[in-house]
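Quick notes on the structure that follows.
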Amino acid sequence: MTNMTAAPTGDYHDMDRLMSLMTGDEKHGPAATSTLDALWVLYDRVLRVTPGTADAPDRDRFLLSKGHGPMAYYAVLAAHGFFGEELLSGFGAYDSPLGHHPDRTLVPGVEIGSGSLGHGLPLAVGSVLGLRAQGLTSPRVWVLIGDAELDEGSVHEALAYAGPAGLEQLHTVVIDNASASYGRPGGIAARFEAADWSVDSVDGRDHEALYAAFTAPHPGRPRAVVARVDPKD
């Protein structure tokens, strides 16, 4: 992993500027901007991880399954000092560590290489089981997935397992920007509820609602937060 941490440089109001430094993958712009508020609240107020603790065994883990639109992720990491913002303008270049899919071996703070849909939630389940096997019960594992990823069989298998297994350390944020071709009967939250998850649905742009949903207690069960985002925003 490239060692290039920096002092935190921005706040949420700086996100538009940081995002504007990255060009060349505009087709995935909505995939990125739909995640921005959830990512900001997680890194600013919820996740117990900093540039200085990015390798600590007891850190929280964040897994971006929706890795095909990583611009918001990179902007949030830069704003929180995981690397210098000067790298953002090189996004997608041959010699840049910031690729169109995040690479855990190149970007500080990135836990998994991602972008191929359907991998993040199964990896998060495995991460929780691995932590448990090491006796590490305090780190929380967070994964962000897209609504259309729920069409992947690997996601269904992980979802169906995590609830009955009581994986309390597991937290899933589902960005619902209406990108799935077909709606789910009863809505996305109903699928998690049926598998014995603790679930809440909130406005994906409302920081206080996101924070409350992210920090709600859920003893003995994994937690899912469905963040609804207007695809035209």
Side-chain angles (χ1 to χ4, degrees), residues 1-56 59-117 119-120 123 142-146 149 173 175 177 179 204-205 207 210-211 214 227 229-233:
M1 179 181 292
T2 306
N3 184 10
M4 47 189 175
T5 58
T9 59
D11 60 23
Y12 180 76
H13 299 292
D14 202 30
M15 288 298 98
D16 284 345
R17 181 185 66 83
L18 295 179
M19 292 277 285
S20 72
L21 298 176
M22 291 172 279
T23 60
D25 192 24
E26 283 73 13
K27 72 175 182 178
H28 285 130
T33 56
S34 65
T35 68
L36 180 57
D37 296 272
L39 287 169
W40 179 264
V41 174
L42 281 172
Y43 274 91
D44 202 53
R45 302 173 63 181
V46 178
L47 290 173
R48 297 176 298 202
V49 63
T50 67
T53 62
D55 294 319
R59 72 190 184 280
D60 285 348
R61 277 78 167 164
F62 173 77
L63 283 56
L64 181 69
S65 187
K66 194 178 168 73
H68 54 287
M71 293 84 81
Y73 186 36
Y74 292 154
V76 169
L77 288 175
H80 286 84
F82 285 86
F83 54 83
E85 68 170 73
E86 65 276 2
L87 291 177
L88 297 176
S89 60
F91 167 68
Y94 177 77
D95 58 351
S96 172
L98 306 183
H100 288 180
H101 290 192
D103 186 330
R104 68 174 298 274
T105 68
L106 298 177
V107 186
V110 171
E111 296 281 357
I112 60 170
S114 62
S116 297
L117 299 182
H119 294 171
L123 287 170
W142 290 80
V143 58
L144 187 149
I145 70 176
E149 280 192 87
V173 183
I175 301 297
N177 62 352
S179 65
R205 300 298 189 196
H207 289 198
L210 286 165
Y211 177 74
F214 290 164
V229 178
D230 189 327
K232 298 185 292 295
D233 285 354

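Only heavy atoms go into these numbers, but all of them, side chains included; no hydrogens, no water, no symmetry mates. In what follows, residues are counted from 1 in the order of the sequence shown.
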Taking all non-hydrogen atoms of both residues into account, name the closest pair between Asp60 and Val49 and its distance.
O-CB, 3.8 Å
Measuring only between side-chain heavy atoms, which start at C-beta, is Arg61 closer than 4.5 Å to Ile112?
no
For a side-chain contact (heavy atoms from CB on, under 4.5 Å) check, start with the C-alpha distance between Leu77 and Val110, then their side-chain angles and the critical distance, and finish with the verdict.
CA-CA 9 Å; Leu77 288 175; Val110 171; 4.0 Å; yes
Taking the side chain from Tyr74 and the backbone from Gly99, do they hold a donor-acceptor pair closer than 3.5 Å?
yes
Distance flag, aromatic centroids of Tyr73 and Phe62, threshold under 6.0 Å
yes
OG1 (Thr35) and CG (Leu42) are apart, to the nearest 0.5 Å, by 10.0 Å
Sidechain-backbone polar pair: Arg104 side chain, Pro102 backbone, donor-acceptor under 3.5 Å
no
How long is the gap from NE2 on His80 to CG on Asp11, to the nearest 0.5 Å?
9.5 Å
Looking at side-chain heavy atoms only, is the closest gap between Val143 and Leu123 below 4.5 Å?
no
In terms of relative ring orientation, are Phe82 and Tyr43 parallel, tilted or perpendicular, with 30° and 60° separating the classes?
perpendicular
Just wondering, do His100 and Phe91 contact through their side chains at under 4.5 Å, heavy atoms?
yes
If you look at every heavy atom in Thr33 and Arg205, which pair is closest and at what distance?
O-NH1, 2.8 Å
Using side-chain heavy atoms (C-beta onward) and a distance below 4.5 Å, is Leu87 in contact with Pro97?
yes
Thr23 and Ser20: which non-hydrogen atoms are nearest, and at how many Å?
CG2-O, 4.0 Å
Donor-acceptor pair, Ser65 side chain versus Ile145 backbone, under 3.5 Å?
no
Arg48 vs Arg59 side-chain heavy atoms within contact, under 4.5 Å:
no
Listing request: all salt bridge (Lys or Arg N to Asp or Glu O under 4.0 Å) pairs with a residue in residues 64-83, at least two apart in sequence or in separate chains.
none
Close side-chain approach of His207 and Tyr12, heavy atoms under 4.5 Å
yes
Approximate separation, where rounding is to 0.5 Å, of Ser89 OG and Leu18 CG:
11.0 Å
Which atoms form the tightest heavy-atom contact between Met71 and Met22, and what is the distance?
O-CE, 3.1 Å
Could you walk me through whether His68 and Leu117 satisfy the side-chain contact (heavy atoms from CB on, under 4.5 Å) test, starting with their C-alpha distance in whole Å, then the side-chain angles of each, then the deciding distance to 0.1 Å, before giving a yes or no?
CA-CA 8 Å; His68 54 287; Leu117 299 182; 3.5 Å; yes
Over all atoms of both residues, closest heavy-atom pair of Val229 and Gly204:
CG2-CA, 4.0 Å
So do the side chains of Leu21 and Glu86 get within less than 4.5 Å of each other, counting heavy atoms only?
no
Nearest-0.5 Å distance, OG of residue Ser114 to CG of residue Leu144
10.0 Å
Using every non-hydrogen atom in the two residues, find where Gly120 and Leu63 come nearest and quote the distance to one decimal.
O-CD2, 4.0 Å
Over 60° means perpendicular and under 30° means parallel, so classify the ring planes of Phe214 and Trp142, tilted if in between.
perpendicular
